[in-house]
Amino acid sequence: SQALHAEIAGIKFDDIFLNASGVHCQTTAELDELLATKGTGAIITKSATSAYRAGNPSPRLSKIPLGSINSMGLPNEGLDYYLDYVTTKQADKPMLLSVAGVSYTENLDILHKVQDSSFMGITELNLSCPNVPGKPQTAYDFETTERLLTEVFAFFTKPLGVKMPPYFDIVHFDDMAKILNKFPLAHVNTINSIGNGLWINEDTDTVVIKPKGGFGGIGGALAKPTALANVRAFRQRLNPTIKMIGTGGVVNGRDVYEHILCGADLVSVGTQLQFEGPSMFARLEQELLAIMAEKGYTSVDDFRGQLKIIE
Ligand SMILES: O=C1NC(=O)NC(C(=O)O)N1
């Protein structure tokens, strides 16, 4: 709809909603369902590694009060599976291909393959998976992130965005934004789950997921304050040519509205989609449009980034 539109890397989106990578997007059946879902302006694949990965042992995802905890461990069908999908379906709806090498060189290998493929959509480099045992979240290593993006942009000429972990320090916002502003990024997607949280089952005094002794990424309503802060902080610091995908804590239309107030161009939903299913998108759209009507806004352009502070 005209009211809920956006543009990234010259690609026009008729709706601002998409799934958060990892949720409802591991198989072609799941992706096809999202593709057909009213309210999705785009869809994104599960982060692809070069080859198929089984991921961490189950239970590896749990619903918790006000959110979720997961340590999936990048289970996915492998790059070729998703490249085939996005390449064949890219005419139906804007596609985002998420990629996540589990090593520095794997990230480069994957992006060379994407560069040489016939995929013309947006590639999103996931620099923030917290759940591969023994592997740090790349984007918490500022020097490595800058070095990697420098090497990537030496050969990658297609639209590229990055999926970032949450930061919790103003100087980190400043320093990472300075790095990201050096590159012709299509977008920054923030936040990934809040890494390495812990939840305890009160009946059994036991953790609720198996991998890593129960440590996993936190998503859902619990993550909203951190998500909004990261969208706002990067929007304030990044070149306007770098668009924002807001992710984290979206449960209802008001949460979507707040992400847009903080500067989001697109809004992606993970935890709530996981538990409500794709019909959620029509609900979010209806709730957001109702809020906009109440405030006299006819387009997201009327209020994007217009969060007010107390002077
Ligand atoms: O980037 C990721 N974020 C998460 O919260 N979980 C997945 C995963 O573990 O595969 N990856």
Side-chain angles (χ1 to χ4, degrees), residues 18-27 30-31 43-64 66-79 81-82 96-104 106-107 110 123-141 144-145 148 161-168 187-199 207-224 226-227 230 245-250 268-275:
L18 70 162
N19 60 305
S21 176
V23 179
H24 214 279
C25 59
Q26 183 157 342
T27 65
E30 288 178 315
L31 287 160
I43 61 174
I44 189 167
T45 66
K46 170 67 187 175
S47 295
T49 48
S50 297
Y52 164 84
R53 268 177 74 89
N56 293 338
S58 293
R60 58 193 187 182
L61 163 72
S62 178
K63 190 176 191 329
I64 63 178
L66 297 176
S68 65
I69 184 168
N70 92 85
S71 185
M72 308 302 286
L74 288 178
N76 74 97
E77 307 302 322
L79 178 64
Y81 179 96
Y82 300 106
L96 284 82
L97 171 70
S98 176
V99 297
V102 293
S103 73
Y104 186 94
E106 187 183 4
N107 276 315
I110 289 169
T123 301
E124 184 174 278
L125 178 57
N126 180 354
L127 296 174
S128 46
C129 178
N131 301 322
V132 179
K135 298 288 180 184
Q137 295 174 78
T138 302
Y140 283 157
D141 177 338
T144 299
T145 298
L148 175 61
V162 286
K163 181 72 175 284
M164 306 301 280
Y167 297 97
F168 304 90
H187 74 270
V188 164
N189 185 339
T190 184
I191 62 172
N192 207 315
S193 58
I194 300 174
N196 296 295
L198 186 63
W199 191 264
V207 301
V208 296
I209 54 175
K210 180 170 179 178
K212 295 169 54 179
F215 282 63
I218 302 298
L222 289 167
K224 190 172 87 169
T226 295
N230 278 261
I245 300 181
T247 305
V250 173
S268 88
V269 187
T271 298
Q272 190 60 27
L273 171 61
Q274 177 71 44
F275 298 117

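From a predicted model like this one, the values you see are computed outputs, not experimental measurements. Atom set for the values below is all heavy atoms of this structure, side chains included, hydrogens, waters and symmetry mates excluded. Note that ligands are numbered from 1 as they come in the structure, with each ligand's atoms numbered from 1 the same way.
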Legend entry - side-chain contact (heavy atoms from CB on, under 4.5 Å) between E77 and R53, intermediate numbers included: CA-CA 7 Å; E77 307 302 322; R53 268 177 74 89; over 6 Å; no
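- In this structure a side-chain-to-backbone donor-acceptor pair under 3.5 Å is missing from S71 to G216.
- No side-chain donor-acceptor contact under 3.5 Å links D141 to the backbone of P136.
- Side-chain atoms of Q137 and S128 form no donor-acceptor pair, as typed in the model, at a separation below 3.5 Å.
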Inset, instruction - Would you sort out whether N131 and N56 count as a side-chain hydrogen bond (donor to acceptor under 3.5 Å, both in side chains), showing the intermediate values? - result: CA-CA 8 Å; N131 301 322; N56 293 338; 6.0 Å; no
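- Y82 does not carry K46 over the face of its six-membered ring by the limits of under 6.0 Å from the centre and within 45° of the normal.
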Under a 3.5 Å threshold, I'd like every N/O contact between ligand 1 and protein atoms, with atom names and distance.
residue, atom, partner, partner atom, Å
ligand 1, 1 (O), N126, ND2, 2.9
ligand 1, 1 (O), N192, ND2, 2.9
ligand 1, 3 (N), N192, OD1, 2.8
ligand 1, 5 (O), N70, ND2, 2.8
ligand 1, 5 (O), S193, OG, 2.8
ligand 1, 6 (N), N70, OD1, 2.9
ligand 1, 6 (N), N131, ND2, 3.1
ligand 1, 9 (O), M72, N, 3.3
ligand 1, 9 (O), G73, N, 2.9
ligand 1, 9 (O), N131, ND2, 2.8
ligand 1, 10 (O), K46, NZ, 2.9
ligand 1, 10 (O), L74, N, 2.7

